[in-house]
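All figures in this text were calculated on a predicted structure; none of them were measured in a lab. Note on naming: letters A, B, ... go to the chains in the order of the sequence lines (proteins, then strands), and numbering restarts at 1 for each one.
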Amino acid sequence: MSRIGVFVCHCGENISRTVDVEKVAAEAARLPGVSYACDYKYMCSDPGQSLLKKAVAEHGLDGVVVAACSPRMHEKTFRSAAKSAGLNPFLCEMANIREHCSWVHEDREEATAKASDIVAMMVARVKKDKRLVPITVPVTKRALVIGGGIAGIQAALDIADAGHQVVLVEREPSIGGHMAQLSETFPTLDCSQCIMTPRMVDAANHPNITLHTYSEIESVDGYIGNFQITVRKKARSVIEERCTGCGICSAKCPQKKIPNSFDKNLGLRPAIYVPFPQAVPNTPVIDRANCTYFRSGKCGVCQKVCGPGAIDYGQEDSLIVEPVGAIVVATGFELYSISEKPKGSPIKGYGEFGHGTIPDVIDGLTFERLASASGPTGGKILRPSDGKEPKQVVFVQCVGSRAREKGISYCSKICCMYTAKHTMLYRHKVHDGQAYVFFMDARTPGKNYDEFWRRAVEEEEAVYIRGMVSRLYQKGDKVVVMGSDIAVGLQVEIEADLVVLATAVQPRTGADTLAQKLGISYDRYNFYSEAHAKLKPVECATAGIYLAGACQGPKDIPDTVSQASAAAAKVMTLFAKSELEREPIVAKVNERTCVACLYCRKVCPYGAVEEKELRDRQGNLIRVVAYVNPGVCGGCGTCQATCPSKSVELDGYTDEQIMAMIESL
Amino acid sequence: MHGHKEKHAFEPKIVAFVCTWCTYAGADLAGTSRLQYPANTRVVKFPCTGRIDPVFILRAFQKGADGVLVSGCHPGDCHYMAGNFHARRRFAAFRQLLDFIGVDLNRLQFSWVSAAEGGKWVEVVTELTERVRAMGPMPEFRELEAEECWSGAIDTPELKEAYETIP
Amino acid sequence: MAKSISEQNLRLLIDALVSEGKRVIGPRAAGTMTLYGPLTTGEELSPGELPRRSAKECFFPLCETILAYERDKEGVRVSDVDSCAIPETVLIGARPCDVAAAPVLDAVFSWDYRDEFFLERRKKTTIIGLACTKADDACFCTAVGLAPNDTKGSDLFLSPLKEGGYRCDVITEKGEALLAAHGPLFADAAAAEPLPLAEPTLGKLDLEKIRSWLDLHFEDPLWEEIAERCAGCGACAFLCPACHCFDIVDEGGEKKGVRRKSWDACGFGKFTNHASGHNPRDVQPSRYRNRIMHKFKYYVDKFGERLCTGCGRCIRACPVGIDIAAVLEEIDRKGARD
Amino acid sequence: MNNSAQTQSIDPALYATATEAIRAEAKRVLEAGTVAAVVGWQAGRRKGSALPAIVTDPTKADTLVFSPACVNNLALYLTKAKKEIRQKGRLAIVVKGCDLRALVGLMGENQLKREELHIIGVVCPGVQGRGEATMAAKCRECAVHTPEGTDVTVGSLPDLPRFTPVESEELARLEAMTPAERWAFWKEHFARCIRCYACRQLCPFCYCEQCLCDRNRPQAVETTPRPAGNMAWHIVRAMHLAGRCAGCAECERACPMDIPLNLLNRKMAKELKELYGHEAGFEVQEKGPLAQYREDDDQSFIK
């Protein structure tokens with residue numbers, strides 16, 4: 001027989017005004033298993049808590065029900081009181097007779113009866129409560145950052161500055177990401193590379209940062225505090241330790257006519273190359289697909305000219321295992337392309353814009369390269385088809401974005417601002433040129449953003465036309481832009497020299513594959529999902545994994561940097577203790593009855609369920625069962641409701657506890 | 001507000017299964033806002049609607065509930081991301097089953113009540129209570145509880161009394 | 001002394017018994033089948049088909065309450081079921097294969113412990129058996145030493161007549177008393193010709209030989225051969241007139257509840273499960289072996305009777321086609337070889 | 001439409017040919033050592049009866065048959081509920097189209113691996129229902145006469161008339177009732193239930209080591225065969241099979257009390273198809289309809 005104590009609180013008059021607390025205590029005293037019941041003016045006060053502690057000791061109570069306010073208010077208070085009286089805190093339950101009873105009912109008789117019922121339910125529950133102890137998980141104080149754009153660099157630097165080791169993995173030969181490609185940035189028009197390249201160098205030189213460029217995540221095992229990451233370092237064909245970055249290999253490479261993707265294919269590069277002059281590391285990589293040596297076995301010029309003998313044609317991909325405790329995902333974005341999409345793809349291209357076949361129809365990033373002083377045109381705005389300076393440039397916003405019929409319904413957030421910037425950059429470089437912008441709305445929520453946009457319209461004389469573009473086509477050396485101006489209700493036709501499309505921001509190709517490796521969730525566009533839109537905007541549902549930058553949704557640089565620092569702060573919070581402690585409300589598998597149908601794994605929002613092999617003493621496999629990793633389990637209990645045989649149970653909310661409450665009704 | 005309270009011949013027993021993060025907090029908010037609603041509902045708290053097993057609903061009816069409410073976070077608001085999405089499918093299927101068995105679905109209500117929707121909690125609970133009160137007691141499961149197979153039926157007064165009082 | 005009773009009067013007899021306050025149990029139509037159940041009028045009697053479930057539930061209900069409890073701070077109060085409340089019963093139109101099982105079960109229910117629930121029902125029940133005129137290929141009463149007109153267990157025994165109506169033989173004093181109380185409904189037996197009896201096709205089995213084979217073959221490949229297909233349901237045991245295993249469970253809450261006794265089946269996987277988790281009969285063949293051993297050896301050794309009347313219900317019901325008659329034939333053959 | 005669907009009207013030669021082919025294939029795989037046992041059907045003692053057979057000896061392959069009495073869904077013998085059989089080694093199994101759907105479902109539930117099985121499909125014109133010559137209700141609406149994705153498929157399909165879909169008609173009849181009428185319908189049926197658990201034991205998906213309904217701490221469902229517990233048991237059973245049941249109707253066939261259990265399964269399958277476009281047993285699916293969700297799932301029933 002249990003020895004339960006029931007403590008009924010008057011809450012001043014908040015409860016006792018409508019609930020006959022003496023009666024509730026008297027009725028509780030009659031319940032089987034209740035050894036002590038009393039009522040008191042303020043249970044949460046010091047004397048109230050002392051009353052509880054004294055009763056636990058004097059009556060040898062093995063469970064406590066405090067009938068008072070909502071557990072959301074004072075459960076912690078009473079559980080710690082119970083704990084200091086030597087009772088396991090999870091054997092203390094609250095019966096909510098204030099918010100759920102005295103405050104919402106007027107009839108004293110009804111409210112008293114309800115309060116007694118609530119107490120009886122909680123008494124029935126507490127009798128089935130089990131002693132629970134907080135779970136501790138060791139933490140490896142070492143972080144992985146995936147993606148070396150501004151988000152990844154910022155997060156890596158913050159964590160490294162706090163004194164923790166960071167592994168930074170970048171898919172491209174150089175870190176820098178999109179920000180390294182930009183010319184100037186809104187709303188200040190400061191040079192992107194001027195602010196970016198020092199951060200890149202800082203990251204590369206930081207004693208706490210290990211940089212893996214030209215590398216990808218091969219696999220992810222483990223859980224919060226204890227991940228094992230396998231990184232695939234792709235064969236660079238250049239031995240990094242030997243290379244001095246002199247550049248003679250690139251200079252002497254006979255194969256020089258490869259479109260440079262960093263410059264959006266506007267310029268050319270050799271087969272052995274660094275993507276851009278300020279690349280970090282400044283170590284070239286051989287583009288094996290285009291290298292004459294790899295294609296025909298002849299050539300080998302780079303190897304001959306390389307003084308330190310850094311060229312290694314036989315180099316192979318290598319796999320590196322990195323133990324880490326936390327992961328920041330900062331894989332960034334890419335721009336939507338209007339090209340024709342494969343059949344059945346949910347996202348459509350723009351046939352009406354020529355599917356990307358008109359040479360003088362470019363996207364925003366290409367324009368950035370044209371405007372960049374270190375770009376292929378040296379910062380001159382020259383159109384791709386004939387290299388002439390365009391005098392009439394039409395900018396089209398919301399291409400792909402907010403276009404449900406094209407399969408993307410979200411707003412890409414940054415285009416309004418960068419288009420305004422583009423009109424300014426254009427005006428600054430081509431003084432007699434005219435910029436037109438087709439737009440739906442100008443969205444400028446940000447510090448100094450609207451002022452910036454107004455400057456584009458009012459001072460830099462960009463002509464903003466509210467309306468959509470229905471068609472683009474080549475006519476002679478012009479691109480005809482057919483659109484509507486809904487302000488005046490007229491069709492508009494402009495013969496442009498250059499058209500710049502503000503195409504949608506999309507997650508990186510392969511974002512879904514990476515998410516599957518990490519066990520994190522993503523939305524229908526493959527943007528990664530945060531754990532809570534408002535309160536956990538940088539956490540993933542999967543514990544120990546955090547998000548930074550545009551991989552979670554379109555973002556500009558200030559937002560990206562803020563989120564990266566926030567993610568870094570979360571990592572540092574995790575690293576502040578050597579062991580992670582968490583509430584023991586987690587699911588456990590009954591290995592005796594589990595038949596490994598793994599429905600639990602299918603519904604677990606946290607990816608906390610794994611298969612476990614049960615073996616006998618000789619090591620022979622007996623059978624496979626499910627295993628819930630307590631470090632990863634979030635405690636929702638969806639697994640238990642789904643499990644046909646109830647072989648997985650959520651501590652704190654077991655079937656016995658719930659059924660006892662229902663039975664007591 | 002403080003007018004004379006109407007007494008009813010029948011007061012239904014309503015059991016509410018709610019998640020702790022949204023609906024329980026919403027009910028708390030109704031309390032802190034001192035909103036008034038009928039006192040028929042008994043709340044059973046869960047971490048998430050995802051934890052709510054259809055068996056609990058069945059058991060509540062068997063144990064004498066005249067109406068059952070299941071309530072949790074709005075889609076997209078789930079503290080555990082997806083628990084309520086799983087619950088939504090589970091209960092969509094379960095209510096069809098109960099309907100097919102012959103349970104009047106007017107006795108079973110599902111709702112999304114967020115932590116900010118104290119008013120909606122009151123509305124949902126009041127509506128369900130009034131609806132079930134108008135329907136009268138739920139006889140089906142209670143009658144079954146007292147029935148025996150013919151061979152085991154013995155009508156002694158003691159047993160009869162015992163049955164009547166067994167929940 | 002033989003009497004006869006017309007079809008009409010048999011139904012009137014039921015009406016009369018009901019009006020006396022007796023519970024009358026007989027075969028009655030129930031959906032797609034015939035089942036034994038309480039008759040409220042004679043019209044409900046439907047003696048044509050063998051009822052799907054046996055008549056054992058007259059004495060050994062599917063489920064019955066054996067006590068009720070109430071618990072509070074003062075302790076637990078238990079109220080027993082008053083066996084006086086068990087009504088006077090007449091079981092009418094029961095087949096010989098059902099009726100014959102009742103006296104067989106008396107032995108076990110009054111052995112080391114007297115099961116008052118069973119015995120009280122037996123005491124208060126008068127059985128009017130009915131000869132069987134129709135057999136199917138699952139029937140094998142003759143193979144286990146019974147007959148379609150076996151009166152074992154009956155107090156009165158009816159044999160259908162060609163011209164309609166029944167010849168009624170008095171078997172026991174209990175039967176005599178019932179007949180005497182309703183004398184006017186009966187006539188003296190004329191020399192009417194009875195309907196031909198049913199003729200089960202299975203040849204007579206040597207039950208003694210089977211028993212001695214079982215004695216020596218606790219371990220035998222036969223068990224696996226037959227029973228590895230067994231799905232472990234309780235259909236055979238629950239439909240059997242002689243199976244009598246039961247379970248006892250408490251149902252209700254911690255404050256109030258009842259203790260109930262209900263049918264159990266040796267085919268269930270958890271039937272012999274120990275509290276420790278160990279299960280001595282861990283696979284289906286060992287469970288099926290026990291079923292056969294219990295029916296044709298253990299019970300015989302202890303009480304001298306067999307727990308099988310050849311009604312064939314288990315054969316018809318088995319969802320995986322296990323045929324006890326075929327098993328017995330096989331053992332009989334093996335016994336002959338040994 | 002053919003209301004008096006009879007299995008006798010089907011040419012016996014078809015079954016005989018299938019029988020020969022099954023025997024040959026069983027013999028071949030047993031002799032070659034490809035499998036340790038073949039799970040099939042054999043003839044029973046009673047005329048026209050058949051029962052499951054587990055053949056390990058190639059010389060016994062000739063005991064295997066295919067006939068209208070081969071009603072059993074043999075997938076049952078590959079589940080964890082039948083560990084003894086799985087321990088024999090690699091297995092071959094003879095399946096009708098409907099049985100195969102259960103195998104497919106079990107593969108999706110991590111219970112079987114396709115590569116560990118040798119599947120002998122048999123084209124099935126229909127098997128018996130209640131009453132010897134009557135065609136089973138499920139066969140009258142069969143859409144999977146020919147199993148697909150097997151290792152070998154034997155037999156051929158005759159021209160079959162269109163049978164009266166008795167089961168869907170019954171389903172429609174129930175759906176048209178008021179809830180009170182449906183309750184009365186089920187109450188009568190479930191009152192007859194004796195809790196022999198033939199429905200559970202014959203179900204290929206009831207392979208749990210510990211059935212929820214056998215648990216006593218806490219007790220979710222009363223174990224005694226009384227109307228209350230019976231009702232709860234059948235509701236829980238139907239819910240646990242929702243989205244998984246592939247319609248073999250073994251539960252209903254096995255029921256000694258003739259409870260139309262497959263109506264419950266049919267109803268759930270129908271609803272899940274309407275709600276989520278899901279049908280069980282046609283392809284190996286990692287997640288059933290109740291183990292996944294879409295953010296835009298119907299929620300018109302939620303206030």
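- Contact count against chain A (heavy-atom pairs under 4.5 Å) is highest for B:Ala27 among B:Ala82, B:Gly83, B:Ala27.
- Of all the listed residues (A:Pro71, A:Cys101, A:Ala531), the one sharing the greatest number of non-hydrogen pairs under 4.5 Å with chain B is A:Pro71.
- For A:Ile662, the parts sitting under 4.5 Å from any heavy atom of chain B are the backbone and the side chain alike.
- Between B:Arg51 and A:Asp655, the shortest heavy-atom contact is NH2-OD1, 2.7 Å.
- Per-residue counts of heavy-atom pairs under 4.5 Å with chain B were compared for A:Cys604, A:Cys69, A:Cys636, A:Ala533; the largest is that of A:Cys636.
- Closest approach of A:Val104 and B:Leu35 over heavy atoms only: CG1-O, 3.1 Å.
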**Report entry** Full working for salt bridge (Lys or Arg N to Asp or Glu O under 4.0 Å) between A:Asp107 and B:Lys7
**Finding:** CA-CA 11 Å; A:Asp107 185 303; B:Lys7 289 281 172 198; 2.9 Å; yes
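- Among all heavy-atom pairs drawn from B:Gly50 and A:Ala641, the shortest one is O-CB, 3.1 Å.
- The candidate with the highest count of non-hydrogen atom pairs below 4.5 Å against chain B, out of A:Glu99, A:Met659, A:His105, is A:His105.
- A:Glu110 and B:Ala39 get closest at one heavy-atom pair: OE1-CB, 3.7 Å.
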Requested in this report: With salt bridge (Lys or Arg N to Asp or Glu O under 4.0 Å) as the test, would you mind laying out the steps for A:Arg98 and B:Asp28 before giving the verdict?
Outcome: CA-CA 9 Å; A:Arg98 191 180 74 175; B:Asp28 275 0; over 6 Å; no
Query raised in the report: Would B:Gln36 and A:Trp103 count as a side-chain contact (heavy atoms from CB on, under 4.5 Å) if you check the C-alpha gap in whole Å, the side-chain angles of each, and the deciding distance to 0.1 Å?
Result: CA-CA 8 Å; B:Gln36 300 292 301; A:Trp103 276 353; over 6 Å; no
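- The shortest distance between side-chain heavy atoms of B:His86 and A:Thr642 does not fall below 4.5 Å.
- Nearest heavy-atom pair, B:Arg42 versus A:Asp117, reported as atom, atom and distance to 0.1 Å: NE-OD2, 2.8 Å.
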